Asks: 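Structure incoming, see below.
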Amino acid sequence: DMMVVRHGFMIVGSPFAGKTANWSTLACTLAVLHTRFPDDPLWSDVVPLVMNPKSITMGQLYGCFDPVSHEWTDGVLAILYRNAATNRIGKPEDRKWILFDGPVDAIWIEN
């Protein structure tokens, strides 16, 4: 029910507590339900797009403006989001999950 009304979720917990296994199991369950009930729009396959936001800089994550050339360069998140929204990844009926699988950081979470 929450996936119908919410656009974003956060799974928090200690390291090695099973957070990744949790969302992976949910994605597999949705795929199984989609296979069993293909005409039900509530169930669909999941395409996970996983990244660790702490492994790249803020400019690489969100994009940045070059003051010398006055050009904007999209970040990894913008490119993934665009590809998911335009169905370059997966099928149109698939759920696309963009996942930040890494430690929570006050800087990137605020942006």
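Note that this is a predicted model, so its numbers are computed, not measured.
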Asks: Got a sec, which residues hit side chain to side chain contact (heavy atoms under 4.5 Å, CB included) with F65, two or more places apart in sequence or on another chain?
Replies: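 Expected list: H70, W72.
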Asks: Could you list the residues that satisfy side chain to side chain donor-acceptor pair (under 3.5 Å) with Q60, not counting sequence neighbours?
Replies: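 With neighbours one apart ignored, the set is T57.
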Asks: Does anything in residues 27-48 form a salt bridge (charged side-chain N to carboxylate O under 4.0 Å, His left out)? List the pairs, not counting sequence neighbours.
Replies: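 Passing the test, one end in residues 27-48: D45-K91.
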Asks: Could you pull out the closest heavy-atom pair between S55 and N52, with the gap in Å?
Replies: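 Closest approach of S55 to N52: OG-O, 2.7 Å.
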Asks: How long is the span from the CD atom in E71 to the CG atom in D66, to the nearest 0.5 Å?
Replies: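 Separation between the atoms: 7.0 Å.
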Asks: Nearest 0.5 Å, what's the OG-CZ distance between S44 and R95?
Replies: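 Between S44 OG and R95 CZ, I get 4.0 Å after rounding to 0.5 Å.
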Asks: When rounded to the nearest 0.5 angstrom, what distance separates CZ in F100 from CG in L49?
Replies: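 Reported to 0.5 Å precision, the distance equals 11.0 Å.
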Asks: Can you tell if the side chain of M51 reaches within under 4.5 Å of the side chain of V76, non-hydrogen atoms only?
Replies: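 Yes; the side chains approach each other to less than 4.5 Å.
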Asks: List the residues meeting side chain to side chain contact (heavy atoms under 4.5 Å, CB included) with P38, not counting sequence neighbours, and say none if there are none.
Replies: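 Per chain and number, P38 pairs via side chain to side chain contact (heavy atoms under 4.5 Å, CB included) with no residue.
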Asks: Applying side chain to side chain donor-acceptor pair (under 3.5 Å), can you list everything that pairs with D101, at least two apart in sequence or on another chain?
Replies: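 D101 satisfies side chain to side chain donor-acceptor pair (under 3.5 Å) with T20 only.
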Asks: With the side chain counted from C-beta on, respond yes when V46 and D94 share a heavy-atom pair under 4.5 Å apart, and no when they do not.
Replies: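 Side-chain contact under 4.5 Å: no.
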Asks: Between side-chain atoms of residues 79-87 and protein atoms elsewhere (two or more places apart, or another chain), which donor-acceptor pairs fall under 3.5 Å?
Replies:
residue, atom, partner, partner atom, Å
R82, NH1, D74, OD2, 3.1
R82, NH2, D74, OD2, 2.5
N83, OD1, R88, NH1, 3.2
N83, ND2, I79, O, 3.4
T86, OG1, R82, O, 2.8
N87, OD1, K96, NZ, 2.7

Asks: According to a 4.5 Å side-chain heavy-atom criterion applied to Ile, Leu, Val, Met, Phe, Trp and Tyr, with indirect links allowed, do V32 and L26 form part of one hydrophobic cluster?
Replies: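 No: no chain of side-chain contacts under 4.5 Å links V32 to L26.
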Asks: With the side chain counted from C-beta on, respond yes when W23 and L99 share a heavy-atom pair under 4.5 Å apart, and no when they do not.
Replies: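 Yes, close enough: below the 4.5 Å cut-off.
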Asks: Calculate, to the nearest 0.5 Å, the distance between atoms CG and CE belonging to L77 and M58 respectively.
Replies: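 The CG atom of L77 sits 10.5 Å away from the CE atom of M58.
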Asks: Nearest 0.5 angstrom please: M10 CE to K19 NZ, how far?
Replies: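 Separation between the atoms: 11.0 Å.
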